[in-house]
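In listed order, ligands and their atoms are each counted from 1. Keep in mind that what you see is a predicted model, and the values were worked out from it rather than measured.
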Amino acid sequence: MFEEPEWAEAAPVAAGLGPVISRPPPAAASQNKGSKRRQLLATLRALEAASLSQHPPSLCISDSEEEEEERKKKCPQKASFASASAEVGKKGKKKCQKQGPPCSDSEEEVERKKKCHKQALVGSDSAEDEKRKRKCQKHAPINSAQHLDNVDQTGPKAWKGSTTNDPPKQSPGSTSPKPPHTLSRKQWRNRQKNKRRCKNKFQPPQVPDQAPAEAPTEKTEVPPVPRTDSHEARAGALRARMAQRLDGARFRYLNEQLYSGPSSAAQRLFQEDPEAFLLYHRGFQSQVKKWPLQPVDRIARDLRQRPASLVVADFGCGDCRLASSIRNPVHCFDLASLDPRVTVCDMAQVPLEDESVDVAVFCLSLMGTNIRDFLEEANRVLKPGGLLKVAEVSSRFEDVRTFLRAVTKLGFKIVSKDLTNSHFFLFDFQKTGPPLVGPKAQLSGLQLQPCLYKRR
Ligand SMILES: C[S@@+](CC[C@H](N)C(=O)[O-])C[C@H]1O[C@@H](n2cnc3c(N)ncnc32)[C@H](O)[C@@H]1O
């Protein structure tokens, strides 16, 4: 019915994708035009119906409206252009089909057909128009039929895109699809956008199958243990450790200061920095609690075996542990106060009357370089025959005997000594009277080694 060579006539038009130019009707029109039109119309309708019934529903959101509209406008032209390819015969038909897909949507198809139909009805009676009409009719059925069965989506079609959701398939021979020069940038962008949209639209249902087992939805709902927590915990632990080390360093420093200078300097130190006293005592407590027996507890045990009426003076009482451990009245003296019972002073000069106390205690407190001052002050406040108890770190003694000898020169006699403890020595002296030597006499045995704590 439609002879293929006729396609060649439209080839020049196709080259530019320009509008189809209507030419004035030729003088000699076809004699059977009316009947042919009717015939064509009937064929068209039949084909339309067939085409519409065979098209699958579109699953994907199509191009933007603007583009859709544009495509619809172009469609008939493209169809006619494609059909008018320079190639003859089937080649031309194939080209037409290739460029057809944008029109292969049912709506577009209808639109195109309507246009073809309209043209036919309007009666552009030129021979060329006639041919074009026939081409439209001829093209339509082939296109719609082949679109479903054997649509080659390579080349322009892949870029013009079908309105189905299938991604463009490439024919084995094709390399990379390139947009035809007929697509504007905007169209191309829109098309790509739509493709992506389509892809995204169809990906979600596959997600559950492909989702890794370790990412169930429930898990995602449960807030995972924030990484920051462990990080913060580690940072906190590190900070605590560093703070601990810093405190340890400061404790060692203060301890050294207390042993290496006169008590007046220690007094100033703690007056200027009361926090240093707290820090020192924290350090001291952390050290002494490791000992098998704390000397203060041993002294308290001894005192509990004596009358509770005995008045006790605790020189360098610290946290008043002794006062808390016995029932005796206790005068507590220290350079700073950790307890309300403490009288803050330098124990070289305590605010007590002469011969007013029964027991004087120095528990790890013979610090400073003026030990003699402390012992002379104890002698002053002790009643005659009063008890002097000294507990000191064993390592401080180079020679215990010289120490004992020096103490006796200060008005005391040794009553008992306990050198059995691994950490401290314990001595009991009884006051015999005032110091036996004058202030200028040298008592080198009173110089004890500083008790320095090692860094652990
Ligand atoms: C190692 S602590 C012992 C505390 C307590 N005696 C104990 O055994 O638990 C020594 C204490 O003696 C105090 N101290 C040292 N020299 C002092 C001084 N010149 N006057 C008053 N207290 C002093 C320190 O301040 C510290 O509290």
**Request:** Record the part of Cys317 in heavy-atom contact with ligand 1 below 4.0 Å; permitted values are side chain, backbone, both and neither.
**Result:** backbone
**Short N or O distance, Gln285 and ligand 1, threshold 3.5 Å exclusive** = no
**Asked** Does CD belonging to Gln244 count more than 12 external heavy atoms closer than 6.0 Å?
**Response** no
**Parallel, tilted or perpendicular: rings of Phe315 and Phe362 (30°, 60°)** = parallel
**Request:** Look at the aromatic rings of Phe427 and Phe425 and report parallel, tilted or perpendicular, splitting at 30° and 60°.
**Result:** perpendicular
**Item:** Heavy-atom nearest neighbour in the protein, as seen from atom 8 (O) of ligand 1, with distance rounded to 0.1 Å
**Value:** Cys363 SG, 3.2 Å
**Message:** Surrounding CD of Gln449 (heavy atoms of other residues, nucleotides or ligands, distance under 6.0 Å), is the total greater than 12?
**Reply:** yes
**Fill in**
atom 19 (N) of ligand 1 sits nearest the protein heavy atom Asp346 OD1, 2.9 Å
**CG-CG distance between Asp346 and Asn370, expressed to the nearest 0.5 angstrom** = 6.5 Å
**Message:** For Asp314, is there an ion pair with Arg341 - N to carboxylate O distance below 4.0 angstrom?
**Reply:** no
**Prompt:** In terms of heavy-atom contacts, does CZ of Arg327 have more than 12 from other residues, nucleotides or ligands at under 6.0 Å?
**Reply:** no
**Item:** Atom indices of ligand 1, in the order listed, that fall short of 4.0 Å to a heavy atom of Cys345
**Value:** 20 (N), 21 (C)
**Message:** Can you tell me if Ala336 contacts ligand 1 (heavy atom of the residue under 4.0 Å from the ligand)?
**Reply:** no
**Asked** At a 4.0 Å cut-off, with the gap strictly under it, does some heavy atom of Ala348 reach an atom of ligand 1?
**Response** no
**Request:** Run the salt-bridge test on Glu376 and Arg372 with the 4.0 Å N-O cut-off and return the result as yes or no.
**Result:** yes
**Message:** Within the supplied structure, the quantity of interest is the number of heavy atoms (other residues, nucleotides, ligands) at a distance under 6.0 Å from Gln447 CD; does it exceed 12?
**Reply:** no
**Prompt:** So is Gly316 polar-close to ligand 1, meaning N/O to N/O under 3.5 Å?
**Reply:** yes
**Prompt:** Roughly how far, to the nearest 0.5 Å, is OG of Ser260 from CG of Leu452?
**Reply:** 8.0 Å
**Request:** For the pair Asp302 and Arg306, find out whether any cationic side-chain nitrogen is under 4.0 Å from an anionic carboxylate oxygen.
**Result:** no
**Request:** Could you tell me whether Gln285 atom CD has more than 12 heavy atoms of other residues or ligands within 6.0 Å of it?
**Result:** yes
**Prompt:** Of the choices Leu366, Asp334, Leu258, which has the non-hydrogen atom that lies closest to atom 24 (C) of ligand 1?
**Reply:** Asp334
**Prompt:** What is the closest protein heavy atom to atom 9 (O) of ligand 1, and at what distance does it sit?
**Reply:** Phe284 CE2, 3.8 Å
**Request:** Would you check whether Arg321 reaches within less than 4.0 Å of ligand 1, judged by its heavy atoms?
**Result:** no
**Fill in**
closest protein heavy atom to atom 20 (N) of ligand 1 is Met347 N, 2.9 Å
**Item:** Atoms of ligand 1, numbered as shown, that sit under 4.0 Å from any heavy atom of Tyr280
**Value:** 1 (C)
**Asked** Does any N/O atom on Leu364 come nearer than 3.5 Å to any N/O atom on ligand 1?
**Response** no
**Asked** When you measure from atom 23 (C) of ligand 1 to every protein heavy atom, which one gives the shortest distance, and what is it?
**Response** Leu335 CG, 3.7 Å
**Request:** Please state whether Phe362 comes within less than 4.0 angstrom of ligand 1, counting heavy atoms only.
**Result:** no
**Complete:** Among non-hydrogen protein atoms, atom 15 (C) of ligand 1 lies closest to Met367 SD, 3.7 Å
**Message:** Quick check on Phe374 - does any of its heavy atoms sit under 4.0 Å from an atom of ligand 1?
**Reply:** yes
**Request:** Would you please determine whether His281 falls within less than 4.0 Å of ligand 1 on a heavy-atom basis?
**Result:** yes
